[in-house]
Amino acid sequence: MKNYDVVIIGGGSAGLAAALEVNKNGVKNILVIERDQELGGILLQCIHNGFGLKVFKEELTGPEYAERFVNMLKEEGIEFKLNSMVTKINKDKTVEYANSDEGFIQIQAKAIIITTGCYERNAGAISIPGNRPSGVLTAGTAQKYLNIDGYLVGKKVFILGSGDIGLIMARRMTLEGAEVIGVAEILPFSGGLQRNIVQCLEDYNIPLYLSHTVTEIIGKDKIEGIKVQKVDNFVPVPNTEMEFEVDALLLSVGLIPENGISEAAGIELHPRTKGPIVNESYQTNIEGVFACGNALHVHDLVDFVTTESRKAGEKAAKYVKGEYKDNVERINLVAKNGISYIVPQMVSSENVDKTIELFMRVTDVYKNVEFVIKQDGKELKRIKKKHLAPAEMEKVILTKSQIEGANKEITIEVEAL
Ligand SMILES: Cc1cc2nc3c(=O)[nH]c(=O)nc-3n(C[C@H](O)[C@H](O)[C@H](O)COP(=O)(O)OP(=O)(O)OC[C@H]3O[C@@H](n4cnc5c(N)ncnc54)[C@H](O)[C@@H]3O)c2cc1C
């Protein structure tokens, strides 16, 4: 069996950044395994710009951002395998993968980094009455058809869900000559970034129907139309139906971290993020197995994925070199009122150099509020926030001494000003 110091599962932006950081920290025996025919992950189909503002101080397209990392990986001579699907990881850190050249292979790793990204919720995951004719597909699939394969999936399109992929596809389909009739969002607020609402809908006069959903799909073999209805607390309001003739319905109803192999290996997942529960070093409950990027929690900005994955890579390298302290006291990072989750979920000050960045999402839209951070129930600090929305990931930085000051937990909550 072949041995590697670090095996990285997934060659998207998280996997590439993690691999480069492992290498930079002096651990050279690395393998990146990617199931697709190219490295780069989801970025390859995101041909719009808006990537890299923080990491490169430049506005790049997704493929340009990915290319920079792929080139660095090649320059450093880091080994990678394409068209190779990881089917299993085991607690002893053996990894099983398959491809058409080598067949079924088992390798031994000292450390593993899981960077498998996320998948889109599909029609089967949401309950819309009616048939499932052709023309109903996820926004990401439509994006891949259009941007990579060159197919326009419809000429009269409606989008269900206002997640970022749906908003970006509303603009993209319009620019390619399709008529985007509208976007319906079941919640009273959008699931996408504010900048995408403005740049992808408002700039093209595409209506956004908040507190609305699709209640019927019309058509047997091919979609012919949809019924859209207002909702009150998720329940359709009678006599509010609108009927639209469409030839495509795109679903942008959420992304879920891809963790089938993690779960099968016994990695504990968080009920909210659906990604692994990790400590300050992005290590899961299995020693030497780390996770980052969209497999850990869904990110809206690739720059955050890169920063997080560099940290996971650095810690995995430390683990291999025997410099990582696992047998240490940890405190919990607990999401309270108004906070949906915090990543990481626990922290040891011993593995924090000077500061640690905590990522979180809020549960609702808030205006003029404060984040209240408490150490074991005692107030530590307050941070004023003018506007918070679940679609936008928030960041709070704690210092090493602030963590050292807590015995059991640090909590974060939202409080009105
Ligand atoms: C449509 C869309 C638009 C976006 N727009 C922006 C934007 O404008 N600006 C911005 O900054 N960010 C944007 N983002 C966010 C950002 O691009 C992503 O969060 C980031 O690229 C995710 O990187 P990742 O490596 O975690 O996941 P991915 O890029 O999804 O990579 C995961 C990789 O793992 C591979 N994989 C999965 N399972 C296995 C397995 N079992 N074996 C082998 N390989 C496997 C997959 O094939 C994939 O290549 C956007 C995201 C999306 C989806």
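Note that this is a predicted model, so its numbers are computed, not measured. Side chains included, hydrogens not; waters and symmetry mates left out as well; all remaining heavy atoms used. Remember, it's 1-based here, ligands and their atoms both numbered in the order they're listed.
Assignment of Cys46 to the shell around ligand 1 is supported, since a heavy atom sits closer than 4.0 Å. Contact annotation: Asp164 has no heavy atom less than 4.0 Å from any atom of ligand 1. The closest approach between Ser84 and ligand 1 falls below 4.0 Å for a heavy atom of the residue.
The option from Tyr119, Phe51, Phe304 that lies nearest to atom 7 (C) of ligand 1, judged by heavy atoms, is Phe51. Residue Gly117 holds the heavy atom nearest to atom 30 (O) of ligand 1 of all those in Ala291, Gly117, Cys292, Ala295. Nearest-heavy-atom check against atom 17 (O) of ligand 1 across Leu43, Val298, Ile8 picks out Leu43. In this structure, of Ile47, Asp303, Val86, Leu44, the residue bringing a heavy atom nearest to atom 41 (N) of ligand 1 is Val86.
At the top of the distance list for atom 28 (P) of ligand 1, counting protein heavy atoms only, stands Ile42 N, 3.8 Å. Closest to atom 21 (O) of ligand 1, if we only count protein heavy atoms, is Ser13 OG, 3.0 Å. Closest to atom 34 (O) of ligand 1, if we only count protein heavy atoms, is Gly10 CA, 3.2 Å. The shortest contact between atom 36 (N) of ligand 1 and any protein heavy atom is with Arg35 NE, 3.6 Å. At the top of the distance list for atom 37 (C) of ligand 1, counting protein heavy atoms only, stands Thr116 O, 3.2 Å. Nearest protein neighbour of atom 35 (C) of ligand 1, counting heavy atoms only, is Glu34 OE1, 3.3 Å. The nearest heavy-atom contact from the protein to atom 9 (N) of ligand 1 is Gly50 O, 3.3 Å. The protein atom (non-hydrogen) at minimum distance from atom 5 (N) of ligand 1 is His48 NE2, 3.2 Å.
The N/O atoms of Glu258, backbone and side chain alike, include none that comes under 3.5 Å of an N/O atom in ligand 1. Where the criterion is an N or O separation shorter than 3.5 Å, residue side chain and backbone included, Gln143 fails it with respect to ligand 1.
Under the 4.0 Å distance rule, the nearest protein heavy atom to atom 3 (C) of ligand 1 falls inside the cut-off.
Heavy atoms of Gln45 found under 4.0 angstrom from ligand 1: none, in either backbone or side chain. Residue contacts with ligand 1 for Val302 involve both N, CA, C or O and side-chain atoms from C-beta outward (heavy atoms, distance under 4.0 Å). Of the heavy atoms in Asp300, only backbone atoms (N, CA, C, O) come closer than 4.0 Å to ligand 1. Proximity of Arg195 to ligand 1, defined as any heavy-atom pair under 4.0 Å, is confined to the side chain (atoms from C-beta onward).
A donor atom on one side chain and an acceptor atom on the other are found under 3.5 Å apart for Arg172 and Asn147. In the model, His299 has a side-chain atom that pairs as donor or acceptor with a side-chain atom of Glu308 under 3.5 Å. For Asn196 and Asp164, the side-chain atoms include at least one donor-acceptor pair closer than 3.5 Å. A donor atom on one side chain and an acceptor atom on the other are not found under 3.5 Å apart for Tyr119 and Thr138. No side-chain donor from either of Gln106 and Tyr97 sits under 3.5 Å from a side-chain acceptor of the other. Judged by distance alone, the side chains of Glu64 and Asn49 never bring a donor and an acceptor atom under 3.5 Å apart.
Distances below 4.0 Å separate heavy atoms of Asn294 from the following atoms of ligand 1: 18 (C), 19 (O), 22 (C), 26 (O). Close contacts of ligand 1 with Thr115, meaning ligand atoms under 4.0 Å from a residue heavy atom, involve 32 (C), 33 (C), 34 (O). Of all the atoms in ligand 1, the ones that sit under 4.0 Å from a non-hydrogen atom of Leu301 are 10 (C), 11 (O), 12 (N). Close contacts between ligand 1 and Ala14 involve ligand atoms 24 (P), 25 (O), 26 (O) [criterion: under 4.0 Å to a heavy atom]. Within the listing of ligand 1, atoms 26 (O) sit less than 4.0 angstrom from a heavy atom of Gly293. Applying the 4.0 Å criterion to heavy atoms of Ile33 picks out, from ligand 1, the atoms 43 (C), 44 (N). Residue contact check: Gly12 has heavy atoms under 4.0 Å from atoms 25 (O), 29 (O), 31 (O), 33 (C) of ligand 1.
Taking the six-membered ring where tryptophan is involved, the planes of Tyr145 and Tyr151 are perpendicular, since the angle between them exceeds 60° and thus also 30°. Using bins of under 30°, 30° to 60° and over 60° for the plane-to-plane angle, the ring pair Phe304/Phe359 lands in the tilted bin. Under the 30°/60° scheme for interplanar angles, the aromatic rings of Tyr341 and His297 are found to stand perpendicular.
In this structure, Arg272 places its CZ atom where only 12 or fewer heavy-atom neighbours from other residues, nucleotides or ligands lie under 6.0 Å away.
Exactly one residue among Ile267, Thr87, Thr116 makes a side-chain contact (heavy atoms from CB on, under 4.5 Å) with Ile261. That residue is Thr116.
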Enumerate, atom names and distances included, each donor-acceptor pair closer than 3.5 Å involving a side-chain atom of residues 25-34, sequence neighbours excluded.
unit_1, atom_1, unit_2, atom_2, d
Asn25, ND2, Glu21, O, 2.8
Lys28, NZ, Asn23, O, 3.1
Lys28, NZ, Asn23, OD1, 3.4
Asn29, ND2, Asn3, O, 3.2
Glu34, OE1, Gly11, N, 2.7
Glu34, OE2, Asp36, N, 2.7

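Salt bridge present: Lys81 and Glu102 bring a charged side-chain N and a carboxylate O closer than 4.0 Å. Ion pairing between Lys24 and Glu314 fails under the 4.0 Å rule for side-chain N and carboxylate O.
The structure places CG of Asn99 at 7.0 Å from CD1 of Ile105, a figure rounded to the nearest 0.5 Å.
Here the two rings, on Tyr282 and Phe290, have centers that are 6.0 Å apart or farther.
Shown here for Lys381 and Ile397, the closest heavy-atom pair between the two residues is NZ-O, 3.0 Å.
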